[in-house]
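Each remark here refers to the structure printed beneath this line.
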Amino acid sequence: MCSLKTRKWIKALRIHRKELNIRVVFRESDGVNIVNEPANECVWLRATPLSMEMEHSVKLENSAIPMCYGNQGTEYYMDLYFDDKIHGFKVITEFICSLFRKDVSKVYLLSSLNPSDPQKIMEWVIGRQKSIQSFHIQCENTSDTVAEYLLDNVNHANKAFIDLKLTTNFKANFKFDGERFDILQGLWFTLDNLMSINCCILFVKGSRLTSKEINTFLKHWMSNDLKFGNIFIEMDAFNLEMFDEIPVIKRSNDVKRIMDQTLAVDGGFDIKRNDGVTATIVYNETFIRFKTFCMIVWDNLSV
């Protein structure tokens, strides 16, 4: 099967270009996922080990690549063999991006293999395009050096999900001003990191931030035009010290405000930014028990 026939086979699956997303997935089974979620259309092109099922070949980069193809339910797949998986990964992605004339929209780095591979993939992706819709990085064996590189470049994404198991001495210096930032295993997350973020939704799990440090952040928020809408941060200590020297209005629990279709906020403490924008810090038994700082900026919820 030549590359022209391959193009025809993929296009024959009727993946509609308008709603199409190209997702790069790097884990034990690596591949490029072409998906149109509204239409429930999905095709996988995977870089895999050589198998007996690979009775066909496809011409890519002037080489005949062993391959097999078929479907599993509503998902179609094409498995291609490469000696070098990273190289195969790049070849497949460039082929698909060229075919549909679209850039990569999402990258999932979930490697439990070579600890340096996530950096290699990220270097290549941000080298081929200026921005990306989302990065999903979940690695249990990444070195601090690789993690530092990943975070240094996370601002290329509009949305980022970071779940890295790092040493207790790890420190990061990065900026993020996209739409959403989720950080799991945030033991390393500092006040300096928080002050360098300006996004619509921020979720941090497992940080060691204190109420005194949150107080510093709130004063920073009050004097700057930041786009935060929702902030959720698990802390080391959560108490009223966060409001020191900050004018607040305590709302009783009979004051109920709707955050979204599934969540209403009872009471809390209101603070105002210098330009009059109001934010509510949720302060009840549940959030105190779980030491979770929850801040809602009402004017920015629709951003």
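Lys171 has its side chain out of reach of Thr190: every pair of non-hydrogen atoms, C-beta onward, lies at least 4.5 Å apart. No side-chain heavy atom of Phe135 sits less than 4.5 Å from a side-chain heavy atom of Ile162. Within the 4.5 Å cutoff, the side chain of Leu45 has heavy atoms near those of the Ile34 side chain. Side chains of Glu241 and Asn215 form no contact here, defined as non-hydrogen atoms less than 4.5 Å apart. Contact of the Glu213 side chain with the Met235 side chain is not registered, since no non-hydrogen atoms from C-beta on lie closer than 4.5 Å. Val43 has its side chain out of reach of Tyr69: every pair of non-hydrogen atoms, C-beta onward, lies at least 4.5 Å apart. In this structure, the side chains of His220 and Leu194 stay at 4.5 Å or more apart for every pair of heavy atoms. Looking at heavy atoms from C-beta onward, Ile132 lies out of side-chain contact with Asp103 at the 4.5 angstrom threshold.
Relative ring orientation between Phe232 and Phe203 is described as tilted, the plane-to-plane angle lying within the 30° to 60° band. Ring pair Phe176/Phe181 is tilted by interplanar angle, where 30° to 60° counts as tilted.
The two atoms that bring Ala279 and Val297 nearest to each other are CB-CG2, 4.0 Å, heavy atoms only. Counting all heavy atoms, side chain and backbone alike, Ile281 lies closest to Ile271 at CD1-CD1, 3.9 Å. Closest of all the heavy-atom pairs between Met242 and Ile214 is CB-CG2, 4.1 Å. Contact between Ala147 and Thr142 at its shortest, heavy atoms only, is N-CG2, 3.7 Å. Minimum interatomic distance between Val282 and Val265 (heavy atoms only, all atoms of both residues): CG2-CG1, 3.9 Å. Listed here is the closest heavy atom pair of Gly229 and Asn300: CA-CB, 3.8 Å.
The distance from the CZ atom of Phe243 to the OG atom of Ser211 is 9.0 Å, given to the nearest 0.5 Å. Interatomic distance, His136 NE2 to Lys106 NZ, rounded to the nearest 0.5 Å: 11.0 Å. Distance check, rounded to the nearest 0.5 Å: CD of Gln119 to OG1 of Thr145 gives 8.0 Å. For the atom pair CZ of Phe217 and CE of Met222, the computed distance is 12.0 Å after rounding to the nearest 0.5 Å. The CD atom of Glu245 lies 12.5 Å from the CG atom of Leu218; values are rounded to the nearest 0.5 Å. The structure places CZ of Arg128 at 15.5 Å from CD of Glu123, a figure rounded to the nearest 0.5 Å.
For Lys175, the NZ atom sits in a loose shell: 12 or fewer heavy atoms of surrounding residues, nucleotides or ligands are nearer than 6.0 Å. Other residues, nucleotides and ligands contribute over 12 non-hydrogen atoms within 6.0 Å of the CG atom of Asn239. The neighbour count for Arg208 CZ, taken as heavy atoms of other residues, nucleotides or ligands under 6.0 Å away, does not exceed 12.
Phe238 has its ring centre less than 6.0 Å from the ring centre of Tyr283.
For Asp244 and Lys212, the salt-bridge test fails: no basic side-chain N is under 4.0 Å from an acidic carboxylate O. Taking a cutoff of 4.0 Å between a charged side-chain nitrogen and a carboxylate oxygen, Asp182 and Arg180 qualify as a salt bridge.
Residues Phe161 and Ile201 do not share a hydrophobic cluster, clusters being chains of Ile/Leu/Val/Met/Phe/Trp/Tyr side chains in contact below 4.5 Å. Cluster membership for Phe269 and Val255, using ILVMFWY side-chain heavy atoms within less than 4.5 angstrom, is not shared. In this structure, Val154 is not a member of the same hydrophobic cluster as Leu187, with clusters built from ILVMFWY side-chain heavy atoms closer than 4.5 Å. With hydrophobic clusters built from ILVMFWY side chains whose heavy atoms lie under 4.5 angstrom apart, Ile233 does not share a cluster with Phe290. Cluster annotation: Met295 and Ile249 are assigned to distinct hydrophobic clusters (Ile/Leu/Val/Met/Phe/Trp/Tyr, side-chain heavy-atom contacts under 4.5 Å, transitive).
Taking the side chain to side chain contact (heavy atoms under 4.5 Å, CB included) definition, one finds that Asn169 meets it with Thr167, sequence neighbours left out.
Tyr81 and Asp83 are linked by a side-chain donor-acceptor pair at a separation below 3.5 angstrom, with hydrogens and angles left out of the test. Ser196 and Asn193 share no side-chain donor-acceptor pair at under 3.5 Å. Side-chain atoms of Gln185 and Asp163 form a donor-acceptor pair, as typed in the model, at a separation below 3.5 Å.
A donor-acceptor pair under 3.5 Å is formed between the side chain of Ser105 and the backbone N or O of Ile22. Looking only at distances, no side-chain donor or acceptor of Asn33 sits under 3.5 Å from a matching main-chain atom of Cys42. At distances below 3.5 Å, at least one donor-acceptor pair connects side-chain atoms of His156 with backbone N or O atoms of Lys130. A donor-acceptor distance shorter than 3.5 angstrom exists from the side chain of Thr93 to the backbone of Phe89, with no hydrogens or angles considered. With Asn155 contributing its side chain and Phe174 its backbone, the two residues share no donor-acceptor pair below 3.5 Å. The closest donor-acceptor contact from the side chain of Asp79 to the backbone of Cys68 lies at 3.5 Å or more, if one exists at all. Side chain of Lys227 to main chain of Asp177: a donor-acceptor pair is present (N/O by atom type, distance under 3.5 Å, no hydrogens or angles). The closest donor-acceptor contact from the side chain of Asn224 to the backbone of Leu226 lies at 3.5 Å or more, if one exists at all.
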**Request:** Please assess Gln133 against Asn21 for the test side chain to side chain contact (heavy atoms under 4.5 Å, CB included), listing each intermediate value before the final yes or no.
**Result:** CA-CA 10 Å; Gln133 184 179 334; Asn21 284 295; 3.6 Å; yes
**Request:** Would you check, one step at a time, whether the test side chain to side chain contact (heavy atoms under 4.5 Å, CB included) holds for Cys200 with Phe228?
**Result:** CA-CA 4 Å; Cys200 302; Phe228 288 111; over 6 Å; no
**Message:** Set out, in order, the CA-CA distance, both residues' side-chain angles and the distance that settles side chain to side chain contact (heavy atoms under 4.5 Å, CB included) for Met195 and Thr216, then state yes or no.
**Reply:** CA-CA 9 Å; Met195 301 282 270; Thr216 300; 4.3 Å; yes
**Asked** Can Trp44 and Val25 be said to form a side chain to side chain contact (heavy atoms under 4.5 Å, CB included), step by step?
**Response** CA-CA 10 Å; Trp44 277 97; Val25 181; 3.6 Å; yes
